[in-house]
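Data block below; observations after.
Everything numeric in this text was worked out from a predicted model, so none of it was measured. Start at 1 and go down the list; that is how both ligands and their atoms are numbered.
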Amino acid sequence: MYKFAATQKVNSRMTKDQAIDEIESLSRQIEYHNQLYYQESRTEISDFDFDQLLHRLIKLEEQFPELKKADSPSQRVGGAITKKFDTVVHKYPMLSLGNTYSEEELSDFDERVAKGLEGEQYEYFCEMKFDGVAISLTYEKGILVRAVTRGDGTQGDDVTANAKTIRTIPLSLGEGDYPEEFEVRGEVFMPNQVFQELNAQKEAAGEEKLANPRNTASGTMKMQDSSIVASRKLDCYLYYLLGDKVQYESHEQSIEALERWGFNVSKSYSKCATIEQVQNYIKEWDQKRHELPVETDGAVIKVNSLKQQKRLGFTAKSPRWAISYKYKAESAITRLNNIIYQVGRTGSITPVAELEPVLLAGTTVKRASLHNANEIERLDLHVGDLVSVEKGGEIIPKITGVQMDQRLSEAEKFEFIHECPECGTELIRIEGEANHYCPNDIGCPPQITGRIEHFIHRKAMNIDSMGEQTIKLLHDKGFLNNIADLYDLKVDQVLSLEGFKELSANNLINGIEASKSVPFEQVLFGMGIRFVGRTVAEKLALHYKNIDSLMEATHEQLVEVSEIGDRIATSVTGYFSEESNRVLVERLKAAGLQFSIDEAKLENMSDVLVGNTFVISGVFEKYGRDELKQLIKDNGGKVVSSISGKLSYLVAGDKMGPAKLEKAQKLSVAIISEVELEEMLKRR
Ligand code: IVH
């Protein structure tokens, strides 16, 4: 294990020579831990200690900018801004692959290969076809010098600063048998889980959701601010080694070399001796591919011998030695009965197709999302059309086409509605946005109940004694028209609802009462101001300290706050310029909700423990167990109950159980005392 030596302050008298040594040592340690984590899924150091190493390195590089190397691991956190991406001509053009869609077409490919090789023996190497953005990485003397997008195949964009933030792309290779200069190609992607988390955040902030992981990865790689790219947690699989000095005999050997040098190669490949084995590989992976972290839409079949690849050569567009097999997106044909319109809490209207139920990929599908008016127009949907429905990367099925020849001549075309289906208000369409909106935010029922649902959410007011159904019932009875009405609810009113008894009604009211102590930042998030998600709410709460100063903030002042842009500022000032919202705030204040940051608490808060998990065990001298827990939480740490290899620290007191201690020792978890925890907090 590397020694951890990152706590001392950057010394202003440090000589350049000392800085060189320390930068070198820190870089080596960081890359070592990175490699361990991303290649072997192991850790020998807590996230906290890792961050300390990185911060120390960044500080030193700020002090001695001339010592910052092209492969410094500090570039993982981004920060470089690219105003305009330089165009780079590819040394070897980035071609595409021919497609096949059936066993027959695949056999045809095999015949062409056999013919081209004039009776020589050959074998195939099969891989998955990853659905991301192609990237070309150039290494010189083991250091990543350039990352370029595919572009038009001949020239692409230099996205090196962005690529360097992708943790599985090595910035330097250390010792190894690699050639002095080589290029490696692969696919940058956004892992499905990361994509889903990102969309959940967007939804919570009332923002438009992203269409799919592929487009998101592609958009992210073209962002100008590399620190945002770093936060997007992209990943990359490599699958192709090129270079004048690369002297392997087979693709298999190049793949093994890439693995040896520390590149991230997906384990989904397989060598196949015959085209029948290829067919089996394809069948086997049709299901298994859904377990991969990345979307895949097919398999890539490559002739294994590099000599034979050379003999087969290329057509103008693609290699003759490789082909892709595209899996059929599961699809079915069914009748479109109707289009209904759903109204979200922000008033956005989503059209949904009602279909004749049909079996698709193991589930019965009755509905498909249509996104917005443009989509209905694009598909030219008519009442009763026979449509094809597909389940692709998105969870909700989508309509991909219409059987035009089956359309009845009298079938009426669907016209997008002009009025809100729930309250009859005329819809509006904000310039530049694809969605229609119902502007009646005060009177439109699903908007009212949607806002209350958002308000009681676990991450907002955390009122778990209440659910969607109860909100609707209370609204129908006229007891609940906005979030402030919650605090005027009486037990009798709740009792008048079907299914409520004394105990459950009291429970509900107590839950509402308890929410009055929820901290300001959560209240602010719960208010449901468009684009104010949890993180933004925290930023605003910390900056403005209380609701009054936030309400008075002008657009110019808001955009001055770090990470608050034009769009959020417009939304916030727009929200507070509405008299009805100001009245709401006053009522909530009168009810006793928290509308300012707890200053005393603020003083004792920090983020020094962010990213670290703690288990507390035993009896302590200075603190009670709950006190310790709060202390850790207030400083950004997380308290968990069981010891695992991923745990950062075990805070051990007196009379701790021997089993726990043994487990922690076995898993090499750092064991600290309450005094050592205090020491850590002194760094805040
Ligand atoms: S090999 C000369 N292998 O598919 C051919 N490509 O349609 C070199 N792709 O631009 C490409 N997974 O972005 C290869 N395992 C894989 C792949 C793969 C995805 C993409 C790549 C390429 C496109 C070709």
**Request:** Please confirm whether Pro319 comes under 4.0 Å of ligand 1, counting heavy atoms of the residue only.
**Result:** yes
**Message:** Under a 4.0 angstrom heavy-atom cut-off, which atoms of ligand 1 come close to Met128?
**Reply:**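 Reading through ligand 1 atom by atom, the close ones are 12 (N), 15 (N), 16 (C).
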Selection from [options] by shortest heavy-atom distance to [atom]:
{"atom": "atom 7 (O) of ligand 1", "options": "Leu242, Val188, Leu97, Ile323", "value": "Leu97"}
{"atom": "atom 18 (C) of ligand 1", "options": "Tyr239, Trp321, Tyr237, Phe125", "value": "Tyr239"}
{"atom": "atom 3 (N) of ligand 1", "options": "Lys129, Lys302, Lys326, Lys317", "value": "Lys302"}

**Request:** Answer yes or no: does an N/O atom from Phe130 fall short of 3.5 Å to an N/O atom of ligand 1?
**Result:** yes
**Test of proximity, Glu127 against ligand 1: N or O pairs below 3.5 Å** =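 Between Glu127 and ligand 1, an N or O pair is found under 3.5 Å apart.
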Check this for me, if you would: do [X] and [Y] make a salt bridge, where the nitrogen-to-carboxylate-oxygen distance has to be below 4.0 angstrom?
{"X": "Glu127", "Y": "Lys302", "answer": "yes"}
{"X": "Asp297", "Y": "Arg214", "answer": "no"}
{"X": "Lys91", "Y": "Asp244", "answer": "yes"}
{"X": "Arg28", "Y": "Glu24", "answer": "yes"}
{"X": "Lys69", "Y": "Glu31", "answer": "no"}

**Asked** Hey, is NZ on Lys288 packed in by over 12 heavy atoms from elsewhere, all under 6.0 Å?
**Response** yes
**Request:** Could you find the nearest protein heavy atom to atom 13 (O) of ligand 1 and give me its residue, atom name and distance?
**Result:**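 Sorting protein heavy atoms by distance from atom 13 (O) of ligand 1 puts Glu187 OE1, 2.7 Å first.
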